[in-house]
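Below: the structure, in structure tokens.
In this text the structure is predicted, and so the values were computed from the model without any measurement. Residue numbers run from 1 in the order of the sequence given. Every number for a ligand or one of its atoms is a count from 1 in the order of the listing.
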Amino acid sequence: MGQRQQQVTILGATGSVGCSTLDVIAQHPDRFQVLALSGHRNLTLLTEQCARYRPAYAVVPDAPAAAQLSAALSLLSPQTEVLCGADALRRIAALPECDIVMAAIVGAAGLPPTLAAAEAGKRILLANKESLVVGGRLLMDTVERTGATLLPIDSEHNAIFQCLPTAKDRQGVTSILLTASGGPCRTLSQEELAKVTPEQACAHPNWSMGQKISVDSATLMNKGLELIEACWLFDLQPSDIEVVVHPQSVIHSMVRYADGSVLAQLGEPDMRTPIAYGLAWPERISAGVSPLDFTRLGGLTFEAPDLQRFPCLRLAAEAFAASASAPAVLNAANEVAVEAFLAGQIGFLDIPRINEAVLDRVPSGELTDLAALLALDQRARTEARTLIDTLQ
Ligand code: NAD
Ligand code: MG
């Protein structure tokens, strides 16, 4: 083909999505080159990734981690410049030579560098749904202003993107069917839910993912965050979206049309499919994913979500309706609650309780600038921690 290799920055390279991204890139060395990688805690893995992909830049959280990584790379990848801190994350997201930014940091921490990529007009592969939940209006407005390209990598949103008409006006679309696996706790009673352990909550039946999103899948908070994500990405209201529980995770989401047609995107539950789609769009490339074998599929089943046992989905719709920044409050509360649950400090059913209480207590408004959103995020985190302390 003779085209220039695309230069890729991966924010959150050491995570589940980050590793899957490197896996797809490794299959296409003629098309993609790793420009920059970031990691947070797993320095051993980041060192291995730098040794293998020889990025020009690597980013770690602080100076001690930078010193450690530099020492390790002095022989393994001497050309890699090691940087640290939040400024460095923004910098590698906006490098002039960068073509594609994979936003795969978990949580609200992903918003500032994703926004920097949008400011710089990059092609952004968005896995970090929390950045849209926290700063939806800000991020979408920035993308619009700079002409950046925002491609959804979350499997459901990638499916919707593939099933929507290409014309901007969405002529003939009547609704979106956002599918949910229901997670590992789908069939548990209220009494059983009260006793769910972190190990159970993280044992997702179909997907292998980071711990935070695994717990979010178990509480259905993930579907709530995805509902908000879909509203921003596709300019929808929650009433335009039907959430359908589909435990097999074969259909990744669907679009319903006025003439009775429903278009669905299907595939193995493997993030390399949407990642490859985003990397090569509008072309298609191999992803290393096995073809879906229809003769081996059991039945595909569907059911309505149970908002009584899984109130987080309802909370997300309420937050989105309440104000532009109420979802930032809900997200911050949820990040703190999930961390406390994983640390054994609170029970599984305390997660929705804390989320709802923080949403009630922390006033939000139509905030749209980054500093104000991050301050609100901090206020909600403090409130969530205070509530957790009272539970112990
Ligand atoms: P993960 O926990 O496996 O990885 C998170 C990455 O972010 C790691 O590289 C970690 O080092 C980095 N990180 C964590 N905290 C950070 C901080 N404060 N500052 C900078 N970097 C930090 O998570 P994941 O499962 O790969 O998910 C990443 C994002 O993609 C999440 O927003 C998740 O909701 C979304 N997502 C994941 C999947 C999946 O299959 N894993 C699917 C859809 C969407
Ligand atoms: Mg998803």
(message) Looking at Asp141, I'd like to know if its CG atom is crowded, meaning that more than 12 non-hydrogen atoms belonging to other residues, nucleotides or ligands lie closer than 6.0 Å.
(response) yes

(message) Could you tell me if Asn42 and Thr14 have a donor-acceptor pair between their side chains, going purely by distance under 3.5 Å?
(response) no

(message) Among the N, O or S atoms of Glu226, which one sits nearest to the Mg ion (ligand 2)?
(response) OE2

(message) Only N/O/S atoms count here: what is the atom of Asp154 closest to the Mg ion (ligand 2) called?
(response) OD1

(message) Tell me the contacting part of Ala109 for ligand 1: side chain, backbone, both, or neither, using a 4.0 Å heavy-atom threshold, strictly below.
(response) side chain

(request) Please work out whether any backbone atom (N, CA, C, O) or any side-chain heavy atom from C-beta onward of Met271 is under 4.0 Å from ligand 1, and answer side chain, backbone, both or neither. (result) side chain

(request) Tell me yes or no: between the side chains of Glu130 and Asn128, is some donor less than 3.5 Å from an acceptor? (result) yes

(message) Under 3.5 Å between any N/O of Ser208 and any N/O of ligand 1: does that happen in this structure?
(response) no

(message) For Arg137, I'd like to know if atom CZ has over 12 heavy atoms of other residues, nucleotides or ligands within 6.0 Å.
(response) no

(message) Below 4.0 Å, non-hydrogen atoms only: which portion of Glu130 touches ligand 1? Side chain, backbone, both or neither.
(response) side chain

(request) Mind checking whether Ile213 contacts ligand 1 via backbone (N, CA, C, O), side chain (CB onward), both or neither, at a 4.0 Å heavy-atom cut-off? (result) side chain

(message) Is it the case that the side chains of Ser189 and Glu192 hold a donor-acceptor pair, with the cut-off being a distance below 3.5 Å and no angle test?
(response) yes

(message) Does atom CD (Gln345) have a neighbourhood of more than 12 heavy atoms from anything else shown, all under 6.0 Å?
(response) yes

(message) Restricting to N, O or S, what is the name of the atom of Glu156 that lies nearest the Mg ion (ligand 2)?
(response) OE1

